[in-house]
Amino acid sequence: MMSELTFYTNPMSRGRIIRWMLEEVGVPYTTEILGFGEQMKTSAYRAINPMGKVPAIKHGDTVVTECAAICAYLADAFPGADLAPPLKHRGLYYRWLFFAAGPLEMAVTMKAMGFEISLEKSRMAGCGAYADVMKTLEHAFSENPYVAGEHFTAADVYVASHISWGLQFGTIEKRQHFVDYLGKMSERPAYKRAHQIDEEATKKLQAAS
């Protein structure tokens with residue numbers, strides 16, 4: 001697919017997940033950096049994402065928002081990058097991609113904000129109890145080197161990004177499986193390229209403010 005690909009982001013946002021994914025895909029793309037606040041709330045950008053948040057991508061006439069959805073889309077749109085398993089082997093791929101987008105994100109966000117779900121009310125929350133989320137996440141690395149099996153996929157980009165932030169800010173427990181997995185992911189050339197690009201963009205924004 002040769003359509004132009006535009007990436008809307010801010011280097012101090014979840015856009016870092018998609019930057020890494022784009023570097024793994026390895027196709028040319030244009031970056032539009034938006035400042036928090038007014039730039040993300042303009043009518044022009046709300047036509048891309050009505051939430052007025054980044055990241056988002058536009059690929060030809062197709063617009064995709066939400067990090068997990070963007071990762072899944074890019075893996076399918078550019079199959080040459082080999083970032084999604086064949087359909088019959090996508091059970092683990094979909095499980096962990098959307099576990100991270102749902103229960104994991106919800107649990108760590110509530111922890112960061114100081115909310116704690118009581119055991120009696122844990123059934124009411126999609127994430128359940130925080131301890132169960134950590135135990136379940138650790139299970140992802142108990143049998144396979146990557147979350148979807150023997151090979152790196154888009155699900156690893158998404159899950160590893162959550163673990164990276166969680167360990168950095170203390171919202172994910174520092175378990176050895178998480179530390180080892182993140183260490184392996186951070187050695188990928190695409191991860192290093194993406195990190196450098198966003199660090200340089202962050203410095204430019206900070207210097208301009």
Side-chain angles (χ1 to χ4, degrees), residues 5-37 39-41 45 48-49 51-59 63-75 77-78 81 83-84 96-102 104-109 111-113 137 140 146-148 152-172 174 178-179 181-209:
L5 178 59
T6 303
F7 170 42
Y8 303 89
T9 189
N10 183 292
M12 294 177 284
S13 75
R14 290 175 176 83
R16 285 187 174 238
I17 300 173
I18 307 308
R19 176 78 73 184
W20 178 13
M21 183 66 189
L22 286 165
E23 291 299 314
E24 291 284 355
V25 168
V27 298
Y29 62 93
T30 300
T31 302
E32 295 283 345
I33 293 180
L34 303 176
F36 293 109
Q39 287 189 351
M40 292 186 193
K41 307 302 181 183
Y45 183 64
I48 298 295
N49 186 356
M51 282 283 288
K53 294 172 70 68
V54 294
I57 63 166
K58 185 175 183 182
H59 184 210
V63 173
V64 189
T65 67
E66 315 314 317
C67 288
I70 297 171
C71 287
Y73 174 83
L74 290 172
F78 301 100
L83 292 170
W96 297 116
L97 187 61
F98 295 107
F99 174 82
L104 179 59
E105 170 125 10
M106 185 178 183
V108 300
T109 298
K111 182 176 178 61
M113 293 183 175
L137 180 61
Y146 300 99
V147 296
F152 178 87
T153 68
D156 290 292
V157 172
Y158 192 64
V159 171
S161 295
H162 276 278
I163 291 175
S164 177
W165 287 326
L167 292 180
Q168 180 180 354
F169 295 109
T171 53
I172 287 180
K174 192 175 182 180
F178 302 159
V179 173
Y181 172 71
L182 183 60
K184 180 169 58 178
M185 295 299 99
S186 63
E187 289 301 313
R188 295 186 64 82
Y191 177 94
K192 292 180 178 181
R193 288 196 304 272
H195 180 76
Q196 182 176 358
I197 292 169
D198 279 327
E199 285 298 298
E200 290 175 357
T202 297
K203 290 177 182 177
K204 288 181 181 180
L205 285 179
Q206 291 174 338
S209 63

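We number each residue from 1, following the sequence as shown. Reckoned from all heavy atoms, side chains included, excluding hydrogens, waters and symmetry mates.
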Any chance the side chains of Y73 and E66 put a donor and an acceptor closer than 3.5 Å?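 There is no such pair (donor and acceptor under 3.5 Å, judged by atom type) between the side chains of Y73 and E66.
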Could you tell me whether the side chains of R14 and Y158 share a donor-acceptor contact shorter than 3.5 Å?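 Distance-only check fails for R14 and Y158.
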Is there side-chain contact between H59 and Y29, with at least one heavy-atom pair below 4.5 Å?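 No - every pair of side-chain heavy atoms lies 4.5 Å or more apart.
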Taking the side chain as C-beta and beyond, is there a heavy-atom pair between L5 and L22 under 4.5 Å?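 Yes, side chains in contact.
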M51 atom CE, neighbour heavy-atom count above 12 within 6.0 Å: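 Count not over threshold, so no.
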Could you state the interatomic distance from [atom1] ([X]) to [atom2] ([Y]), rounded to the nearest 0.5 Å?
X	Y	atom1	atom2	answer
I18	I70	CD1	CD1	4.5 Å
F7	I57	CZ	CD1	9.0 Å
F178	H162	CZ	NE2	13.0 Å
W165	T171	CH2	OG1	11.0 Å
S164	H195	OG	NE2	9.0 Å
Y8	K58	OH	NZ	6.0 Å

Verify, without hydrogens or angle tests, whether [X] (side chain) and [Y] (backbone) share a donor-acceptor contact under 3.5 angstrom.
X	Y	value
R16	P11	yes
Y45	K53	yes
K41	G52	yes
T109	M106	no
T202	D198	yes

State which residue, out of E24, E23, E187, fulfils the salt bridge (Lys or Arg N to Asp or Glu O under 4.0 Å) condition with K192.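 Exactly one option meets the salt bridge (Lys or Arg N to Asp or Glu O under 4.0 Å) with K192, and it is E187.
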Fit a plane to each ring of W20 and Y191, take the angle between them on a 0 to 90° scale, and name the class: parallel (under 30°), tilted (30 to 60°) or perpendicular (over 60°).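 Rings of W20 and Y191: perpendicular, as their planes differ by over 60°.
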Cation-pi geometry met for K184 and Y146 (6.0 Å, 45°):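 Yes, cation above the ring, under 6.0 Å and within 45°.
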With side chain to side chain contact (heavy atoms under 4.5 Å, CB included) as the criterion, how do L34 and T9 come out once you've worked through the C-alpha distance, each side chain's angles and the decisive distance to 0.1 Å? CA-CA 6 Å; L34 303 176; T9 189; over 6 Å; no
